[in-house]
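Indexing begins at 1, ligand by ligand and atom by atom, following the structure's order. Start at 1 with the first residue, then count along the sequence.
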Amino acid sequence: MDVNARRLVGRSAVITGGASGIGLATARRLAAEGAFVVIADIDPATGQKAASEVDGMFVKVDVTDPNDVESLYAKTHRAFGSVDIAFNNAGISPADDSSILDTGIDAWRKVQEVNLTSVYYCCKYALPYMQKQGKGSIINTASFVAVMGAATSQISYSASKGGVLSMSRELGVQFAREGIRVNALCPGPVNTPLLRELFAANPEQAQRRLVHVPLGRFAEPEELAAAVAFLASDDSSFMTASTFLVDGGISGAYVTPS
Ligand code: NAD
């Protein structure tokens with residue numbers, strides 16, 4: 001990665017779900033910009049590997065467990081002396097979450113816990129450190145499905161991301177005068193192992209999805225990481241409570257170019 005910017009020197013950055021996908025790409029990017037990165041993930045094997053790659057710290061965390069989350073920030077503060085950036089990004093999109101007609105209550109609750117309640121815990125326990133510092137940047141991962149509806153539904157996932165978006169907006173407003181910014185990152189579809197599997201298994205169906213993306217392709221995780229680095233840094237100092245769409249134009253399109 002060719003990154004010249006060093007916007008995050010002297011700052012700590014906690015990344016939930018930092019062992020894979022968007023979180024891992026962001027760990028690399030924030031470390032390259034000088035941040036001390038804390039990888040918070042439920043998977044110790046990939047989490048340790050990611051942390052050592054970026055010379056950071058690994059903390060095994062289940063983001064649905066409030067004790068885990070509380071001690072994540074305490075450990076970060078003990079190790080680094082501040083909690084400057086919180087990228088609350090861990091999320092799941094399991095196959096048993098689909099149409100409301102077929103999705104059972106257990107599948108619904110699981111997705112709400114991992115995608116939405118986790119962000120409530122992460123913000124709740126990161127904010128007091130940021131209040132004491134008088135500064136901080138929180139970035140919560142929502143999705144483009146927080147602002148658009150899909151006919152091929154994942155009902156709990158979409159509802160959870162809508163929740164992340166409005167929670168982020170409200171926190172951004174509430175804590176603005178304390179020097180804390182809170183923004184929601186809304187990625188469009190990203191080129192991850194899951195998506196590549198779909199392409200391999202059903203190229204026609206995958207191609208159909210691409211029709212909706214004006215830029216004509218899926219995002220690379222590094223493109224989301226670049227957006228997070230911007231939101232984490234002082235370059236975005238006048239941005240808070242925003243719906244930060246990085247979606248290849250999907251949400252702006254009525255008809256896409258052929
Ligand atoms: P990923 O599956 O590659 O990585 C998710 C990480 O979260 C994994 O390392 C996993 O171990 C960790 N994790 C899962 N449950 C956890 C828990 N309970 N506690 C702690 N860690 C846990 O995912 P990704 O594609 O990089 O997605 C990251 C975020 O971006 C998610 O919130 C997802 O909903 C969102 N998003 C993804 C896309 C996409 O196309 N990939 C699009 C829009 C939004």
Protein N/O near ligand 1 N/O, under 3.5 Å, which pairs?
from	atom 1	to	atom 2	distance (Å)
ligand 1	3 (O)	Ser20	OG	2.6
ligand 1	9 (O)	Asp41	OD1	3.4
ligand 1	9 (O)	Asp41	OD2	2.7
ligand 1	11 (O)	Asp41	OD1	2.6
ligand 1	18 (N)	Asp62	OD1	3.0
ligand 1	19 (N)	Val61	O	3.3
ligand 1	19 (N)	Val63	N	3.0
ligand 1	21 (N)	Ile42	N	3.3
ligand 1	26 (O)	Ile22	N	2.8
ligand 1	32 (O)	Asn89	O	2.8
ligand 1	32 (O)	Lys161	NZ	2.9
ligand 1	34 (O)	Tyr157	OH	2.6
ligand 1	34 (O)	Lys161	NZ	3.1
ligand 1	40 (O)	Val190	N	2.8

Taking salt bridge (charged side-chain N to carboxylate O under 4.0 Å, His left out) as the definition, give me every residue that meets it alongside Asp43, ordered by chain and number, with sequence neighbours left out. none
Within-4.5 Å side-chain heavy-atom neighbours: Pro221 and Leu24: no
Once side chain to side chain contact (heavy atoms under 4.5 Å, CB included) is applied, do any residues pair with Gln154, and if so which ones, sequence neighbours excluded? Ser93, Asp97, Tyr157
Please state whether the rings of Phe36 and Phe80 are parallel, tilted or perpendicular, taking 30° and 60° as the class boundaries. parallel
Contacts of Glu178 meeting side-chain hydrogen bond (donor to acceptor under 3.5 Å, both in side chains) (sequence neighbours excluded), chain-then-number -> Gln131
The side chain to side chain contact (heavy atoms under 4.5 Å, CB included) partner of Cys122 among Leu127, Val14, Thr16 is Thr16
